[in-house]
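Working notes, beginning with the structure itself.
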Amino acid sequence: MLNIILFGAPGCGKGTQAVRLAEHYDLYHISTGEVIRSEIKRGTELGKSMEGYISRGELAPDSIVVEMVRDFMRTHSDKGAIFDGFPRTTAQAEIFDTMLGEIDQKVDIMVYMDVPEEELVRRILLRGKDSGRKDDSSEDVIRNRIEVYRQQTAIVAEHYTKQGKYVAINGLGTMDEVFARLIEAIDAKK
Ligand code: ADP
């Protein structure tokens with residue numbers, strides 16, 4: 001059983017690498033951002049209540065995101081998973097630890113992908129051109145997301161550092177180079 005948190009600022013490449021890691025280690029993959037976008041696309045009540053947060057580049061409420069992950073774990077707990085974009089606040093991390101503890105599981109490692117801010121903005125704007133994601137198309141919204149990351153999310157690293165589970169890798173370079181660094185960091189910790 002291997003539960004991995006992929007951690008880093010918006011645009012650091014978590015989503016891309018999460019898919020590859022899930023395949024490499026045969027794990028499930030959950031992106032809370034993807035779950036939220038799919039609710040919005042399907043026009044559900046939950047989705048409607050999320051639209052404002054996403055378009056402003058703010059975090060969705062902890063209680064809602066935590067329930068999404070709880071729902072996911074109900075049907076995806078027979079093997080480990082890559083958690084991509086979750087937990088994003090210390091409150092989420094605390095509830096998450098408890099949630100995993102209740103099913104005799106734990107977070108094994110948090111890997112931080114380090115990428116400088118200018119590169120983050122550049123990558124997200126590029127991605128916005130292809131994906132049509134509205135929150136990827138406005139530089140103001142992107143800068144706000146990075147600011148929210150600094151103010152509310154970066155601190156989650158301390159939570160897992162205290163547990164001896166935090167590792168940082170350089171997120172610059174080709175996708176293959178970054179992938180190789182991730183594998184090396186995870187294998188060293190397993
Ligand atoms: P990015 O990392 O590029 O910002 P994501 O797909 O991870 O993209 O997230 C998109 C948006 O979804 C975030 O800006 C935020 O509004 C919301 N979101 C995703 N995960 C969480 C979470 N764990 N807690 C709160 N909000 C979240």
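What you see is a predicted model, and the numbers here were worked out from it, not measured in a lab. Heads up: numbering here begins at 1 and tracks the sequence. Counting starts at 1 for both ligands and their atoms, following the listed order.
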### Query
Under a single-linkage definition using a 4.5 Å side-chain heavy-atom cutoff for Ile, Leu, Val, Met, Phe, Trp and Tyr, are Leu100 and Leu27 assigned to the same hydrophobic cluster?
no
### Message
Under a 4.0 angstrom heavy-atom cut-off, which atoms of ligand 1 come close to Gln92?
### Response
22 (C), 23 (N), 24 (N), 25 (C)
## Note on the structure
Closest heavy-atom pair, Ile36 versus Ala60, reported as atoms and distance to 0.1 Å, is CD1-CB, 4.1 Å
### Task
Please report which non-hydrogen protein atom sits nearest to atom 20 (N) of ligand 1, along with the residue it belongs to and the distance in Å to one decimal place.
Thr32 OG1, 2.8 Å
### Glu119/Arg122 under salt bridge (charged side-chain N to carboxylate O under 4.0 Å, His left out): CA gap, chis, key distance, verdict
CA-CA 5 Å; Glu119 174 66 9; Arg122 194 189 69 79; 3.0 Å; yes
### Task
Examine Phe7 together with Tyr160 and report whether their ring centres are nearer than 6.0 Å.
no
### Query
Starting from atom 18 (N) of ligand 1, which protein heavy atom do you reach first, and at what distance in Å?
Ile36 CD1, 3.6 Å
### Query
Tyr25 and Asp187: side-chain donor and acceptor closer than 3.5 Å?
yes
### Message
Students should be able to answer this: which protein heavy-atom is nearest to atom 26 (N) of ligand 1, and at what distance?
### Response
Ala60 N, 2.9 Å
#### Entry: Enumerated ligand 1 atoms positioned under 4.0 Å from heavy atoms of Gly85
20 (N), 21 (C), 22 (C), 23 (N)
#### Entry: Residue and atom name of the nearest protein heavy atom (relative to atom 11 (C) of ligand 1), distance in Å to one decimal
Ile54 CD1, 3.5 Å
### Task
Answer yes or no: is there an ion pair linking Arg143 with Asp140, defined by an N-O contact shorter than 4.0 Å?
no
### Query
Where does Arg123 meet ligand 1, judged by heavy-atom distances below 4.0 Å: at the side chain, the backbone, both, or neither?
neither
### Query
Charged N to carboxylate O below 4.0 Å: is that the case for Asp136 and Lys134?
no
### Message
So is Arg56 touching ligand 1 or not, going by heavy atoms under 4.0 Å?
### Response
no
### Task
With heavy atoms only and a cut-off of under 4.0 Å, state how Glu58 meets ligand 1: side chain, backbone, both or neither.
backbone
### Task
Begin with the C-alpha distance, continue with both residues' side-chain angles, and end with the deciding distance and a verdict on side chain to side chain contact (heavy atoms under 4.5 Å, CB included) for Val115 and Arg123.
CA-CA 10 Å; Val115 174; Arg123 287 186 189 178; 3.9 Å; yes
## Note on the structure
Filtering Glu34, Arg88, Gln152 for the heavy atom nearest atom 5 (P) of ligand 1 leaves Arg88
#### Entry: Atom indices of ligand 1 within 4.0 angstrom of Arg37 heavy atoms, with elements
6 (O), 10 (C)
### Message
Considering both backbone and side-chain atoms of Arg145, is one of its nitrogen or oxygen atoms within less than 3.5 Å of a nitrogen or oxygen in ligand 1?
### Response
yes
### Task
May I ask you to check whether Arg133 has an N/O atom sitting below 3.5 Å from an N/O atom of ligand 1?
yes
### Query
Looking only at heavy atoms of Lys14, does any of them come nearer than 4.0 Å to an atom of ligand 1?
yes
### Task
Measure from the side-chain N and O atoms of Gln92 to the backbone N and O of Val66, and report whether any donor-acceptor pair falls under 3.5 Å.
no
### Task
Can you sort out which atoms of ligand 1 are near Val65, meaning under 4.0 Å from one of its heavy atoms?
22 (C), 23 (N), 24 (N), 25 (C)
### Query
What orientation do Phe83 and Phe86 show, parallel under 30°, tilted 30 to 60°, or perpendicular over 60°?
tilted
